[in-house]
2 protein chains.
Amino acid sequence: MPRIIAIDDPADPRIEPYRDIRERDLVGRAGGFVAEGRVVIEKLVGSSGCRLDSLLIAAHRLPTMADLLARLDEDMPVFAASQAVINVIAGFPLHRGLLAIGRRVDPPDAGRLLAALPQAADILVLSAIANHDNMGGIFRNAAAFGVRAVLLDAACCDPLYRKAIRVSVGAALLVPFARLAPDTDIPGLLARHGLRMVALSPRGRIDLVDLGAAPRNAVLLGAEGPGLSARILDQGHSVRLSMAGDFDSLNVATTSGIVLHHLFVAARRGG
Amino acid sequence: MPRIIAIDDPADPRIEPYRDIRERDLVGRAGGFVAEGRVVIEKLVGSSGCRLDSLLIAAHRLPTMADLLARLDEDMPVFAASQAVINVIAGFPLHRGLLAIGRRVDPPDAGRLLAALPQAADILVLSAIANHDNMGGIFRNAAAFGVRAVLLDAACCDPLYRKAIRVSVGAALLVPFARLAPDTDIPGLLARHGLRMVALSPRGRIDLVDLGAAPRNAVLLGAEGPGLSARILDQGHSVRLSMAGDFDSLNVATTSGIVLHHLFVAARRGG
């Protein structure tokens with residue numbers, strides 16, 4: 001169990017990474033990310049792709065943290081401060097009272113991720129998902145349905161942005177992901193790895209429920225509005241969801257949940 | 001086409017309902033609600049359950065609003081102001097530049113909603129959904145999959161809260177809903193109207209994919225965490241979703257999407 005380091009001065013240089021959280025959300029952080037709340041931080045502690053740098057805990061919450069702290073190395077920096085001091089450090093009232101700085105360990109590139117896939121695997125390929133709520137929701141669904149990798153194009157936002165991690169309930173720390181190089185031939189890359197392309201579009205040629213099982217699937221999702229490029233839709237199975245005709249609109253994270261649930265069930269039932 | 005009323009003074013009493021929007025989100029409004037943005041306001045104009053009270057438009061957006069304005073009655077108050085004046089009225093920078101005040105017309109009670117259902121119909125029964133993002137997401141899915149009515153217990157938030165309307169992309173203005181009286185015998189009410197109870201729970205007895213079609217379904221959803229009461233789960237079909245074992249967590253709005261999609265497809269294919 002690490003020693004607790006008491007912080008009384010919000011200007012203490014040791015808690016520098018926790019300062020002005022919202023401003024740094026906007027300008028970006030050098031290497032690290034911020035994880036909030038117990039459920040998310042437990043996932044960070046258990047993650048193989050990320051490591052914990054340090055923790056900052058509201059002193060009144062320390063008594064309930066013993067089991068979490070017991071899982072940490074002796075030399076892990078664990079800072080404790082009053083709620084009032086934490087609010088000054090963070091720059092806003094931080095009711096969760098539990099923050100961590102983490103960072104990715106040896107982030108994989110897309111090729112390495114794909115080469116490491118098991119025989120049967122579903123992955124996601126995301127295009128221009130720029131909203132952190134949607135990104136977090138997609139990662140939460142990816143974890144719930146056992147997705148093995150997420151590939152992101154250059155127009156996607158960062159899954160390790162503070163809000164995306166929170167909305168993902170920590171799934172962004174667990175599901176491996178990689179950025180695609182801007183000039184990637186996506187259909188070619190997926191074909192080389194034996195991944196069936198399942199490209200979602202309101203004008204898809206196949207209804208999702210008619211899509212049978214395949215050992216390896218790459219589900220391609222684009223931003224609401226523009227959607228996926230015609231080039232992608234022409235080269236894969238373009239798939240639509242049945243909907244009531246008068247309100248033909250689904251959120252992209254919800255869409256990911258419906259499609260991943262379908263593939264998850266199909267794989268287990270030979271659907 | 002209504003006459004445009006120019007507003008130069010943010011203190012003009014005619015735009016009183018648009019003042020201090022965020023503060024009034026918190027304290028509540030007398031009867032009306034705020035709808036934002038073109039897509040949502042078009043749904044308000046077309047809604048049978050709600051009516052438009054007035055519009056406030058940023059003057060620079062008027063040229064692109066002609067088709068929307070042409071659908072309005074001659075005597076509908078349409079206010080136009082500069083973006084700067086709108087920001088002062090609203091109390092924050094309102095980039096959408098298009099606001100409406102609306103209100104429900106003759107809001108139905110649960111009994112009247114159920115009595116008016118067609119032979120085949122799916123409805124939602126929501127318990128303690130207190131998060132406006134989730135409420136909006138659930139209504140969006142309800143509209144996408146043709147849900148005929150939403151019943152809310154006393155612990156649910158208001159579907160016509162500004163953010164819930166926005167997240168629903170206007171579906172909260174289209175899908176009929178009613179509050180249940182606190183002492184409602186929900187299983188009894190649903191049974192009297194021939195609605196099969198489909199109660200979602202991570203510990204449900206039936207897997208969703210094994211749930212066949214029925215002409216009338218009531219999908220019951222509780223808040224993440226507490227979930228539905230044991231009494232509800234014991235009296236209906238308690239249904240679970242297959243998930244990867246190590247991350248057994250789905251957002252309630254995503255869950256609603258998966259379940260409603262299943263029922264929508266099952267009804268059309270005799271699933």
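Throughout, protein chains are lettered first and strands after them, A, B, ... in sequence-line order, and every chain is numbered starting at 1. Here the structure is a predicted model, which means the values were calculated and not measured.
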Nearest-0.5 Å distance, OG1 of residue A:Thr254 to CG of residue B:Asn251
7.0 Å
Between CG on residue A:Asp207 and CZ on residue B:Arg268, distance to nearest 0.5 Å
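Rounded to the nearest 0.5 Å, the CG-CZ separation comes out at 11.0 Å.
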A:Phe145 and B:Ala244: which non-hydrogen atoms are nearest, and at how many Å?
C-CB, 4.2 Å
What closest approach, in Å, do B:Ser249 and A:Ala144 show between heavy atoms, and which atom pair accounts for it?
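Scanning both residues completely, I find the closest heavy atoms to be O-CB, 3.6 Å.
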Might you confirm whether atom [atom1] of [X] has over 12 heavy atoms from other residues, nucleotides or ligands at distances under 6.0 Å?
{"X": "A:Arg216", "atom1": "CZ", "answer": "yes"}
{"X": "B:Arg104", "atom1": "CZ", "answer": "yes"}
{"X": "A:Glu23", "atom1": "CD", "answer": "yes"}

The interface call for A:Asp133 against chain B, heavy-atom contacts under 4.5 Å, is neither
Contact class of A:Leu260 relative to chain B, heavy atoms under 4.5 angstrom:
neither
Identify which of A:Ala253, A:Gly257, A:Ser256 forms the greatest number of heavy-atom pairs closer than 4.5 Å to chain B.
A:Gly257
Among A:Gly170, A:Ser242, A:Gly146, single out the residue with the greatest number of heavy-atom pairs under 4.5 Å to chain B.
A:Ser242
In the structure I gave you, are the side-chain heavy atoms of A:His261 and B:Leu208 within less than 4.5 Å of one another anywhere?
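They are in side-chain contact.
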So which of B:Ile258, B:Val147, B:Thr255 has the biggest tally of heavy-atom pairs under 4.5 Å with chain A?
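Of the candidates given, the most pairs with chain A belong to B:Ile258.
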Taking 4.5 Å as the heavy-atom cut-off, does anything in residues 134-143 of chain A contact chain B, and if so which residues?
A:Arg140, A:Asn141, A:Ala143
Between A:Arg269 and B:Asp210, does any side-chain N to carboxylate O distance fall below 4.0 Å?
yes
